[in-house]
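In each ligand, atom 1 is the first atom listed, and ligand 1 is the first ligand listed.
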Amino acid sequence: MTTIFTAPNHKVAIVTGGARGIGAAIATRLAADGHHVAVFDLDADACAETVERIETAGRRALALAVDVSNEDAVVAGVARVAEELGAPTVLVNNAGILRDRTLAKMTLDDWEVVMAVNLRSVFLMCRAVQPHMRSARWGRIVNLSSTAALGVIGESNYSAAKAGVQGITRTLAIELGRHGITVNAVAPGFVVTDMTRAVAARMNMPFEDMVTDMMTGIYVGRPGVPDDIAQAVAFFTDERSGFVTGQVLYVAGAPRA
Ligand code: NAP
């Protein structure tokens, strides 16, 4: 038997960590592609520029202060989106943090906070949004993994979380496919954002030197920019991508990392 899943007329997306960097580029791209967009970030005021870009694209925007690792905040945030913009049927789990240290120096707090923001959040957000997608019999979930899932020195916490993101992506693809919901992951390599600038600063390294170092593993002649990742997310959220689910797309200017 064949089931046809049809996208709703007015698509409402939630992008977490959308105040800046990759999340801001994704929110802007989804607006350009016709979505109203809710942006979740720690500080709603920090989302002002993203909101302006969404509205400039002619779509409605809603910025909410939501710590995506907090269950109550996630449930309340998703409920507000449903009330104010309509049922969310596109979710991009982008919020993420680093707390890099090699194993001997890594504290339990470094481990817990990275797992909470990068991985627990994906579970909480997907669980809160899925009733809306199931009612609509249509949904698109895209989770941000990383080439760090393959292993990076000083990132045992982050690497484990980003590998976990790939696991939950595949499992939810299996569980939710029959409801018309696809679940995929984008795994960026080196992308120029505040996150990578902060890594260079912590290493007391000029950012330009870090870019030069990273270029040895990149074959397209330039580092990644947030729009490169937004482009991959836009493919997965597209209505016409309904036969693609449970995939991890490495976007790294190289075959993998
Ligand atoms: P970024 O510039 O550091 O931006 C991350 C955003 O997430 C910030 O606005 C941050 O808010 C927000 N955030 C942090 N914790 C949050 C929480 N608990 N609840 C809600 N929002 C929270 O990072 P990015 O480079 O754009 O990275 C975006 C995603 O791509 C992350 O998942 C990252 O792991 C992944 N990624 C990035 C790269 C890269 O090279 N940049 C590579 C691979 C994967 P504050 O500003 O208030 O902290």
Ion pair present between E55 and R59, side-chain N to carboxylate O less than 4.0 angstrom?
-> no
Could K11 and E239 be called an ion pair, given the rule that one side-chain N must be under 4.0 Å from one carboxylate O?
-> yes
Is the cationic atom of R197 (NZ for Lys, CZ for Arg) positioned less than 6.0 Å from the six-membered ring centroid of F207 and within 45 degrees of its normal?
-> yes
Write out the protein residues near ligand 1, meaning a non-hydrogen atom under 4.0 Å from one of its atoms, in order of chain and number.
-> G17, A19, R20, G21, I22, D41, L42, V66, D67, V68, N94, A95, G96, I97, V117, L144, S145, S146, Y158, K162, P188, G189, F190, V191, T193, D194, M195, T196
Determine the sole option in N184, N93, N118 for which the side chain to side chain donor-acceptor pair (under 3.5 Å) test with N143 is passed.
-> N93
Within the distance-only criterion (no hydrogens, no angle test), does the side chain of Q247 pair as donor or acceptor with the backbone N or O of T245 below 3.5 angstrom?
-> yes
Who passes side chain to side chain donor-acceptor pair (under 3.5 Å) against T196, sequence neighbours left out?
-> none
